[in-house]
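This chain uses plain numbering: 1 for the first residue, then up along the sequence.
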Amino acid sequence: MKQVINPTVRAYSTHIQTTASGAISLISSGGRNFRAVPVVMLGALMLQFSAFSLRAQNCATSGTDNINANENTYYSGTQTTVNAGATSITLGAAGSGTNFGNTPIASGDIVLVIQMQGAQILVPGTTTNSAYGSGFSGLGGGFISTNLYAGKMEFAVATNAVPLIGGTLNLAAGLTNSYAYVPYGTNGQYTYQIVRVPNHYNIKLTGTITTPLWNGSTGGITVMSAVNQFNFNGQIVTAAGSGFRGGGGRFLRGASGSYSWKDYYSPATAAANGSKGEGIAGTPRYLNNNAVLKDNLVEGYPSGSYARGAPGNAGGGATDSNPASNDQNAGGGGGGNGGAGGKGGDGWYSFKISGGIGGTSFTTYSPTKNWYSPSSLIMGGGGGAGSSNDATGTPGGGFASSGAAGGGMVIINALAISGTGTVDASGGLPNNTVQIDGSGGGGAGGSILIYANSGHSGITATANGGNGADNYPGSRDATQHGPGGGGGGGIIFSNGTLNAASSVNGGNAGTSYGNTVTDNYGATAGATGILTQTFPFTQLPPNMEICQIQVLPATILNFNASYASSNNVKVSWTTTNEINAAYYEVERSSDGEKFN
């Protein structure tokens, strides 16, 4: 009879599960060290299996799968309100394109429900009021905590199939969080998606896993789950530049009207300034959509998607210090996440400080509250665009002044990690070919969550901010123009110590190479992000360990109980194939419901 079992991981082994109604009750204790509880009823012997409530899932029980491409399938959430406790969600069509998975949801599949956007910004009645975004005077950016949904996430189990065209998804248990889908309106934009998460017993990477680019409703995230071992095998999982998109650069020759070089917001219809980036508070009208200018057709941010104010974690676009001609060409701000983005460079001959404000970290102020945690993560904010009136750089038309995309998100979940490898969710790099126009801001680093019992030291995780863009006015015998601000560092949560090379550095400020002076010309670097290498199991997203805790840690060969004396029962049992069990605890019950 074994009463204490040392937790071990068996290399590519097979867990044995009991299917009989009489088995061992599993109770999670301290993460993945479980306790098995033989339960005795007075008057009759009963072995009760109290399995995890979501036991219908398709959890792998054996085998090793070689993975060389992203497998996740991404559905947009189209139901306006999904309340906590809901057991169904209406899904739109699955995303498609490069690196998107195309396997539809089947009954028993595990899914991730995650709120991508959903943060309100305060828009003062005066365009020059620096309380834009957070309501905190002097910041010029940020968001407020009212109706904050962005970052919420949890895992769930599907109880029906959903085709790629979408439909109703039914869940095995009620949701923990509420989710919202609201197209652009007075309170910004709210979007969420549902990601199918394939489950494997052992994973061995045999190629680079590339996250599909966020397209405004789906993508931007890679989620990989192994019941037992995850062998990186020297490979890379990358979500670099897959997050929120940068503001799209445009060639503009000046706006009529009462616009000021101090404006924090202006409409995209005015022919001045630069576009804000994309982030948790919304999507601007003009985007750098995978190196193509996209017109989103709606303004995207309340009261305007141009000028230096930074909405949420998105970098602000440049405010030109001569909006009537749009010829002073300040730089765009960097996106934010774990750290705030850097400010864009100053206006050309005016020397005025009008570059885009860097996107905020995932934090609100007055009082200060950090919203990031292992169960609340966002993608890196996109950089803002510089102002352009000469359309220099390649490609032309002012697009070279665009901001860069932020990093996406990667979630790795396994019992144990082996081998060495890299997880990269760094922000994107903007265009460096601009000459006599403002340049774009760098994308912020994204977010990484790694959870396993061992093997972290072989993994190098990076969520660095992208550098702000340089420019080269000296090549046209001109003085300095505004370079881009650096993207803020991202967020990494790991429950073990990663390789020492892991980093969440902010991106460098861009440099302007003028005909007489070369420096950052007012642009600043992004701030360092958040790197946490220990956290409790209780901070994981709800139900993330569905398959890891479903597997029975021991096979019961026999269990016996016999009368010993008044109020005493002698129990004995024999087990085999013990895996990750910490100890056994015997409880008794007289009614089959209450145990002690």
Side-chain angles (χ1 to χ4, degrees), residues 121-133 137 139-141 184-186 188 246-278 281-288 293-311 314-333 343-357 384-392 397-399 401-403 436-441 481-482 522:
I121 60 174
L122 187 147
V123 182
T126 303
T127 59
T128 57
N129 189 332
S130 64
Y132 174 88
S137 181
L139 281 183
Y184 164 67
T186 56
R250 296 165 63 218
F251 165 63
L252 303 172
R253 299 306 295 266
S256 59
S258 56
Y259 295 103
S260 167
W261 68 274
K262 297 181 179 181
D263 284 343
Y264 286 88
Y265 60 91
S266 65
T269 52
N273 304 326
S275 174
K276 304 176 190 296
E278 182 181 39
T283 301
R285 176 166 178 175
Y286 290 99
L287 288 161
N288 177 358
L293 180 66
K294 179 179 180 180
D295 183 351
N296 212 38
L297 302 179
V298 296
E299 194 65 45
Y301 288 116
S303 299
S305 60
Y306 267 52
R308 67 193 307 246
T319 296
D320 199 274
S321 52
N322 182 23
S325 299
N326 200 47
D327 60 2
Q328 295 301 294
N329 309 138
K343 185 184 74 66
D346 300 339
W348 169 51
Y349 199 75
S350 67
F351 306 105
K352 289 181 177 177
I353 301 173
S354 60
I357 303 296
S387 64
S388 171
N389 74 309
D390 285 303
T392 59
F399 188 67
S401 293
S402 297
I436 52 172
D437 288 297
S439 299
H481 290 57

Next on the checklist: Is it the case that the side chain of Lys276 and the backbone of Ala307 share a donor-acceptor pair, with hydrogens and angles ignored and the cut-off at 3.5 Å?
Outcome noted: yes
Next on the checklist: Using modelled atom types and a 3.5 Å cut-off, is there a donor and acceptor pairing between side-chain atoms of Asp320 and backbone atoms of Asp327?
Outcome noted: yes
Checklist entry - What distance do Ile121 atom CD1 and Ser303 atom OG have between them, rounded to the nearest 0.5 Å? => result 8.0 Å
Checklist outcome for this item: Note: Tyr301 and Ala314 closest approach over all heavy atoms is OH-CB, 3.7 Å
Next on the checklist: If the condition is side-chain contact (heavy atoms from CB on, under 4.5 Å), which residues does Thr269 pass it with, not counting sequence neighbours?
Outcome noted: Pro267, Arg285
Checklist outcome for this item: In short, Ala255 meets Ala270 closest at the heavy-atom pair CB-CB, 4.1 Å
Checklist entry - Can you tell me how far the CZ atom of Phe251 sits from the CG atom of Asp390, to the nearest 0.5 Å? => result 7.0 Å
Checklist entry - When Lys262 is tested against each of Asn129, Thr319, Thr128 for side chain to side chain contact (heavy atoms under 4.5 Å, CB included), which residue passes? => result Thr128
Checklist entry - So how far is it from Glu299 CD to Ser266 OG, rounded to the nearest 0.5 Å? => result 8.0 Å
Checklist entry - Can Tyr132 and Val123 be said to form a side chain to side chain contact (heavy atoms under 4.5 Å, CB included), step by step? => result CA-CA 5 Å; Tyr132 174 88; Val123 182; 4.3 Å; yes
Checklist entry - Tyr286 vs Tyr306 aromatic rings, parallel, tilted or perpendicular, using cut-offs 30° and 60°? => result perpendicular
Checklist outcome for this item: Sorted by chain and number, sequence neighbours left out, salt bridge (charged side-chain N to carboxylate O under 4.0 Å, His left out) with Asp263 holds for none
Item to check | Distance-only side-chain donor-acceptor flag, Asn389 / Asn326, under 3.5 Å | outcome: no
Next on the checklist: Looking at Leu293, I want to see if its CG is surrounded by more than 12 non-hydrogen atoms of other residues, nucleotides or ligands under 6.0 Å.
Outcome noted: yes
Checklist outcome for this item: For Ser321 and Gly347 the tightest heavy-atom approach is OG-CA, 4.2 Å
Item to check | Heavy-atom neighbours of Phe351 CZ exceed 12 at 6.0 Å | outcome: yes
Next on the checklist: Using modelled atom types and a 3.5 Å cut-off, is there a donor and acceptor pairing between side-chain atoms of Asp295 and backbone atoms of Leu297?
Outcome noted: yes
Item to check | Lys343 side chain to Gly355 backbone, donor-acceptor under 3.5 Å | outcome: no
Checklist outcome for this item: Closest non-hydrogen contact found for Gly247 with Ser275 is CA-OG, 3.7 Å
Checklist outcome for this item: Closest non-hydrogen contact found for Gly331 with Ala318 is O-CB, 3.6 Å
Checklist outcome for this item: Value for OH (Tyr259) from OG1 (Thr127), rounded to nearest 0.5 Å, stands at 9.5 Å
Next on the checklist: Using modelled atom types and a 3.5 Å cut-off, is there a donor and acceptor pairing between side-chain atoms of Glu278 and backbone atoms of Pro284?
Outcome noted: no
Item to check | Considering all heavy atoms, the nearest Ala131-Pro124 contact | outcome: C-CG, 4.0 Å
Next on the checklist: With no hydrogens and no angle check, just 3.5 Å: does a side-chain donor-acceptor pair link Ser401 and Asp437?
Outcome noted: no
Checklist outcome for this item: Interatomic distance, OG@Ser350 vs CH2@Trp348, rounded to 0.5 Å, equals 9.5 Å
Checklist entry - CZ/Arg250 to OG/Ser387 distance, rounded to the nearest 0.5 angstrom? => result 12.5 Å
